[in-house]
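Just below is one structure, and these are the notes that go with it.
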Amino acid sequence: MSLRFIVGRAGTGKTHTCRQEIQGRLQRDPDGPPLILLVPEQATFQNELALASMPGIRGFMRTHVLGFRRLAYRVLSETGGANLPHITDLGKRLVIRQILEQHRDCLRILGRTAHRPGFTDELARVISELKRYCVLPSRLKSTGEMVKRQGNRLLAEKIEDLSLVYGKMAEFLKGRHTDPDDYLSLAAERLAESSLVRGAEVWVDGFAGFTPQEYLVLKGLLQVAARVNIALCLDCAYLKEVPDRDDIFYSTWDTLKRIEALARETQTVIEPPVQLDRISEPPRRFEAFPALAFLEKNLHRHGAKPFPSQEPQQGIRLVAAANPRVEVEGAAREIIRLCREKGYRWRDISVVVRDLSLYRELVTTVFSDYQIPFFLDELRVVVHHPVPELIRSALEVVNSNWSYEAVFRYLKTDLVPVTREEVDRLENYVLAHGIDGASWYDDEPWDYRPSYFPGRSPEKGREGINRRGQSEDEEIRRINEIRTRACAALVDFQKHARGAKKARDLTTALFNLLRTLCVPDTLETWITQAEREGELESAREHAGVWGATLALLDQVVEVLGDHEIALDTYARILDSG
């Protein structure tokens with residue numbers, strides 16, 4: 001068992017060194033002990049593709065490119081500990097919302113803000129972070145008691161509330177589900193039993209630091225793997241000296257020292273480090289662009305001198321713009337120039353901004369005007385998509401006893417078998433007569449007769465009155481026919497929802513409503529139409545919303561299925577989802 005560091009500044013070839021070493025092991029012995037490349041979750045595919053594309057590699061069986069969580073899952077699948085169904089992030093939010101609803105009276109601080117949008121998400125993130133840093137509910141509770149003794153009552157109550165929610169969540173999951181946030185802690189205890197890591201050689205690349213859970217896994221790897229190689233972005237000079245605390249490399253240096261302490265604790269041999277700064281000067285990534293190499297080396301250095309050459313340099317160009325729109329238009333023109341004159345492809349170019357929310361509309365408008373195909377790398381909020389809006393408004397209709405606002409939010413989703421013109425006609429009639437409540441779903445047809453309908457002047461004379469009466473009869477007949485089509489599925493949903501006691505029954509009633517309204521077929525029509533019009537993002541959004549809706553309903557049944565729950569509480573929980 002040994003530990004070796006691969007150290008160098010940005011661009012010196014740390015990742016290249018890791019891949020080359022794996023390539024060499026595969027070429028010498030394709031069937032040897034496992035080789036594990038441990039990288040951030042978002043970089044696994046990129047690294048696996050790069051390894052598979054290296055010369056002399058036609059395929060591999062002994063190499064595994066994994067993130068920490070996937071490594072933990074593989075270890076638990078082999079050694080036991082993953083037999084319980086895992087709960088997704090969405091499921092955890094549903095559990096937290098239920099806990100907040102059940103214990104609102106006991107939460108002195110958190111109870112005041114529990115109803116606010118996004119609060120459940122924030123609370124779930126806090127609990128996930130507590131788990132990553134190995135903070136148990138009992139420790140949180142004792143911390144709250146200590147803070148109370150110190151006189152900070154407000155903070156103490158907040159910590160105690162958080163401890164209550166955290167503890168209740170742990171109680172709920174125990175014996176029912178496995179939280180993926182616990183995978184690393186569980187896997188660290190079972191690494192010695194896993195053939196995947198026992199005797200393997202491990203490369204760890206792409207990390208500047210690790211959480212306490214990840215340090216537990218690294219400690220376990222040092223004890224069971226034949227060799228652990230850890231690549232760190234660190235100036236080699238700091239292998240012999242201590243950087244200042246405000247130095248950009250201080251946190252990475254601190255990571256190196258913590259891992260060295262783990263190696264001494266586990267009696268692991270520490271090999272001499274590979275110092276890439278001395279092998280590659282300037283860094284191999286910047287060999288063709290000396291100005292970029294100079295910038296990398298001096299950007300965060302106090303008292304750095306100017307670049308020695310006054311000649312224009314390739315690789316860096318500073319451009320000032322009068323406002324953000326001019327800035328985006330300048331970027332668009334440059335992208336077109338690169339593709340027309342330099343042979344670039346659209347996919348070769350990325351535009352990086354500090355805050356995408358400030359540039360989203362500008363980029364969308366300008367790039368569309370310049371006919372530049374683009375993809376915005378952001379999560380899309382779909383809470384106001386017609387499908388979530390249909391679900392929320394349907395539940396609100398039942399909870400509010402068919403209030404005007406809820407009914408017409410439901411009807412205006414375009415997922416109900418009535419046209420917008422018919423909805424407008426129905427809305428005018430309802431507003432004219434103040435219809436709400438049981439009048440929507442009782443068996444009596446509407447027969448409210450105004451002196452004249454909106455937009456229609458009363459006709460005079462006996463003959464005119466007869467014609468007007470016939471016209472009113474026809475209008476009322478049409479209104480009742482629209483009402484029947486608009487409300488049939490919703491009335492059936494209300495009957496089943498009010499009779500349901502458990503979350504499983506409510507979810508079944510909700511799914512039957514979506515199925516009765518033929519929501520999947522309507523979405524398929526929207527997807528086809530969007531694709532025909534070139535609106536590929538809208539098409540993907542429609543496709544993704546249905547899958548996400550089913551995932552939400554599945555999680556509700558999986559997590560809360562057999563729990564008795566009131567309809568208004570169920571609506572708030574589903575709204576959080």
Side-chain angles (χ1 to χ4, degrees), residues 8-16 19 40 42-50 52-55 206 233 248 280-301 304-381 530-541 544:
R9 299 176 67 100
T12 52
K14 298 179 293 298
T15 298
H16 181 72
R19 292 173 183 169
Q42 68 272 17
T44 52
F45 175 75
Q46 175 189 355
N47 278 276
E48 197 162 23
L49 178 62
S53 304
M54 295 186 80
C233 186
I248 191 172
S280 178
E281 185 62 40
R284 58 191 307 131
R285 185 186 301 167
F286 310 123
E287 285 174 343
F289 304 101
L292 278 176
F294 180 85
L295 185 66
E296 185 279 327
K297 192 171 184 178
N298 293 279
L299 181 61
H300 296 281
R301 178 175 292 179
K305 296 180 180 180
F307 188 67
S309 173
Q310 298 298 320
E311 299 295 326
Q313 295 293 314
Q314 290 188 338
I316 301 176
R317 198 170 102 189
L318 299 179
V319 180
N323 54 58
R325 184 177 185 87
V326 176
E327 184 182 4
V328 175
E329 287 182 343
R333 288 194 294 271
E334 179 65 11
I335 289 171
I336 290 176
R337 185 189 72 82
L338 291 172
C339 293
R340 285 178 177 172
E341 300 176 11
K342 300 296 183 181
Y344 281 79
R345 299 172 295 175
W346 304 118
R347 61 183 294 182
D348 296 331
I349 300 170
S350 63
V351 179
V352 182
V353 297
R354 181 183 292 273
D355 185 354
L356 187 57
S357 64
L358 301 177
Y359 285 87
R360 181 190 302 108
E361 299 301 329
L362 281 174
V363 168
T364 301
T365 302
V366 173
F367 280 30
S368 298
D369 289 345
Y370 280 78
Q371 297 183 345
I372 298 173
F374 63 94
F375 167 72
L376 289 175
D377 186 14
E378 63 174 347
L379 291 174
R380 296 177 66 96
V381 177
E531 289 175 343
R532 190 183 304 119
E533 296 173 355
E535 299 289 340
L536 299 183
E537 279 196 43
S538 295
R540 285 195 293 268
E541 181 179 316

Using the ring-ring contact (aromatic ring centres under 6.0 Å, His included) rule, collect all pairs that involve residues 304-337, keeping only residues at least two apart or in two chains.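 Pairs touching residues 304-337 that pass the test: F294-F307.
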Q: Return each pair, listed once, that meets ring-ring contact (aromatic ring centres under 6.0 Å, His included) where at least one residue sits in residues 325-360; pairs must be two or more places apart or across chains.
A: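 Listed once each, the pairs would be none.
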Is it the case that atom CD1 in I248 sees more than 12 heavy atoms from other parts of the structure closer than 6.0 Å?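 Open.
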For the CD atom on Q371, are there more than 12 heavy atoms of other groups (residues, nucleotides or ligands in this structure) within a distance under 6.0 Å?
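Check fails, neighbour count at 12 or below.
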Just how far is it from atom [atom1] of [X] to atom [atom2] of [Y], taken to the nearest 0.5 Å?
X    : Y    : atom1 : atom2 : value
R540 : F375 : CZ    : CZ    : 7.0 Å
E296 : T12  : CD    : OG1   : 8.0 Å
E329 : L362 : CD    : CG    : 8.5 Å
I349 : E334 : CD1   : CD    : 8.5 Å
R285 : H16  : CZ    : NE2   : 12.5 Å

Go through the structure and list residues passing ring-ring contact (aromatic ring centres under 6.0 Å, His included) with Y370, not counting sequence neighbours.
->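 Not a single residue meets the ring-ring contact (aromatic ring centres under 6.0 Å, His included) criterion with Y370.
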(request) Say whether, by atom type as modelled, one donor and one acceptor occur between the side chain of K14 and the main chain of R9 under 3.5 angstrom. (result)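 Between the backbone of R9 and the side chain of K14 there is a qualifying donor-acceptor contact (under 3.5 Å).
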Is there side-chain contact between [X] and [Y], with heavy atoms separated by less than 4.5 Å?
X    : Y    : value
T15  : N47  : yes
I316 : F289 : no
L358 : V353 : no

Any pair with a residue in residues 349-376 that passes salt bridge (Lys or Arg N to Asp or Glu O under 4.0 Å), sequence neighbours left out, goes on the list, sorted by first then second residue, please.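 Sorted pair list: R360-E378.
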Contacts of S350 that satisfy side-chain hydrogen bond (donor to acceptor under 3.5 Å, both in side chains) - sequence neighbours left out: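 side-chain hydrogen bond (donor to acceptor under 3.5 Å, both in side chains) check on S350 returns nothing, list empty.
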* To do: Apply side-chain hydrogen bond (donor to acceptor under 3.5 Å, both in side chains) to D348 and list each qualifying residue two or more places apart in sequence or on a separate chain.
  =>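 Testing D348 for side-chain hydrogen bond (donor to acceptor under 3.5 Å, both in side chains), a comparison that skips the adjacent residues, returns R345.
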